[in-house]
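Order of listing sets the numbers, starting from 1, for every ligand and every atom in it.
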Amino acid sequence: MSIEAFYRDSWVEVDLSSIEYNINQLKQRLRPDTKIFAVVKANAYGHGDEQVAECALRAGAKGLAVSLLDEALKLRDAGIEAPILVMGWIRPGDAHVAAERDISVTVFQADWVKNARLSPSAKPLKIHMKWDTGMGRIGIRTTDEMDELLSMIHKNKLMELEAVFTHFATADEEDYAYYEEQQKRFDHLFSHFKRVWSRNVEIHTGNSAASMRFPDHMKHFVRFGISMYGLYPSGVVKKERPIDLKPAFSLQSRLIHVKKVPANESISYGATYQTESEEWIGTVPLGYADGWIRKLQGMEVLVGGKRHPIVGRICMDQFMVRLDQEYPVGTMVTLIGKQEHQSISMDEVADYLETINYEIPCMISYRVPRMFVDHGNIVEIDNPL
Ligand code: PMH
């Protein structure tokens, strides 16, 4: 595939060799019997779900985790046959769709089991029972709820309990106390579970933070999200650096217009920016409809290996940058990534927006084509437009 697969000068580059590297780093940190499930929900945190899923499976991931049934179906439609878990709630009326496509689903309500629409001719629906040990989002919280749910599952011949799992709320924090409290609650629920359920199930608890920091606490598999993409889940974990990571995502564009503007001229909507003296102003073809939101006004971008500030309001499809000199039209603009000795990390953008790195690649919209690179070669371009 060639670069002509899209017709604009802005794109995301996703380095699949970094994803492979990050999975291998975690593999070396985990016990040999702990498997990795690649978390590819939300279009693989904005990176491109099918391509990341295939790369992760090639690199040794044993399964995939998504949030929505639609996300799981998209991966099945792409020909992926590996185990897929939907970690969010699906409608009981849609249970048969998951069963037909061999997609495992998350269950935590007795009523859900009662109302699940399943066909006796299909293979049994694989379910993962969610335990809420302190995240407070979804899952059963007590042994009574567990007993009720297990007896419903036991009676239902169209379902098969494949795994039990929980999710940590603070595994990336300095203070371990709440993480340990969640572990304790999990152990309490599990000792009850073992007494009442004789069949074998798998157990999974850890996200990136827990799996990198506490590999010996991990069970049959971990759900590896943010750090598969080369990002640390928090500043604390970044400082600890339990494994080395390579960011996979960069955001690139090119100058499409460069002009010399006299002093006291205004730039962009609202005329909020005035040139102080004669200034070189460049226009970059990326805006808030691409996910480069208006709050990023003032953030820097790289041009010619140097940092330059975004000036004036960010428009829907374009923004302006104050340049230190004239640059030719077509000069590369790096919004996230490296240029010569300078780099702008996802964490820097997240800090500027007072948010977490997870949010940044997710917010770069479908309008920006994803270019997949493997060991320096372009292997695929995904442009939904
Ligand atoms: N498991 C569950 C149930 C999750 O919700 C997530 C991420 C992960 C694993 C992966 O976590 P990681 O990316 O830290 O490795 N979920 C979310 C979320 O709901 N909001 O931000 C991240």
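Remark: of the listed residues Gln183, Gln182, Glu181, Glu181 is the sole one forming a side chain to side chain donor-acceptor pair (under 3.5 Å) with Arg185.
Between Ile381 and Trp11 there is no side-chain heavy-atom pair separated by less than 4.5 Å.
Donor-acceptor pairing under 3.5 Å is recorded for the side chains of Asp244 and Tyr21. Donor-acceptor pairing under 3.5 Å is lacking for the side chains of Arg213 and Tyr179.
The contact set between ligand 1 and Ser208, taken as ligand atoms under 4.0 Å from a residue heavy atom, comprises 12 (P), 15 (O). Listed by number with element, the atoms of ligand 1 under 4.0 angstrom from any heavy atom of Tyr45 are 7 (C), 10 (C), 11 (O), 12 (P), 13 (O).
In terms of polar-atom proximity, Tyr358 is counted as a contact of ligand 1, with an N or O under 3.5 Å from an N or O of the ligand. Checked by distance only, ligand 1 and Gly225 come closer than 3.5 Å through their nitrogen or oxygen atoms. Distances between N or O atoms of Lys130 and those of ligand 1 include no value under 3.5 Å.
Taking NZ of Lys130 as the start and NE2 of His128 as the end, the distance is 12.0 Å to the nearest 0.5 Å.
With hydrogens left out, the protein atom closest to atom 1 (N) of ligand 1 is Arg223 NE, 2.7 Å, a heavy atom.
The pair Arg8-Asp317 does not count as a salt bridge, with every side-chain nitrogen at least 4.0 angstrom from each carboxylate oxygen.
Between Glu359, Met228, His167, it is His167 that holds the heavy atom closest to atom 8 (C) of ligand 1. For atom 12 (P) of ligand 1, the nearest non-hydrogen atom from the set Thr106, Leu85, Ile226 belongs to Ile226.
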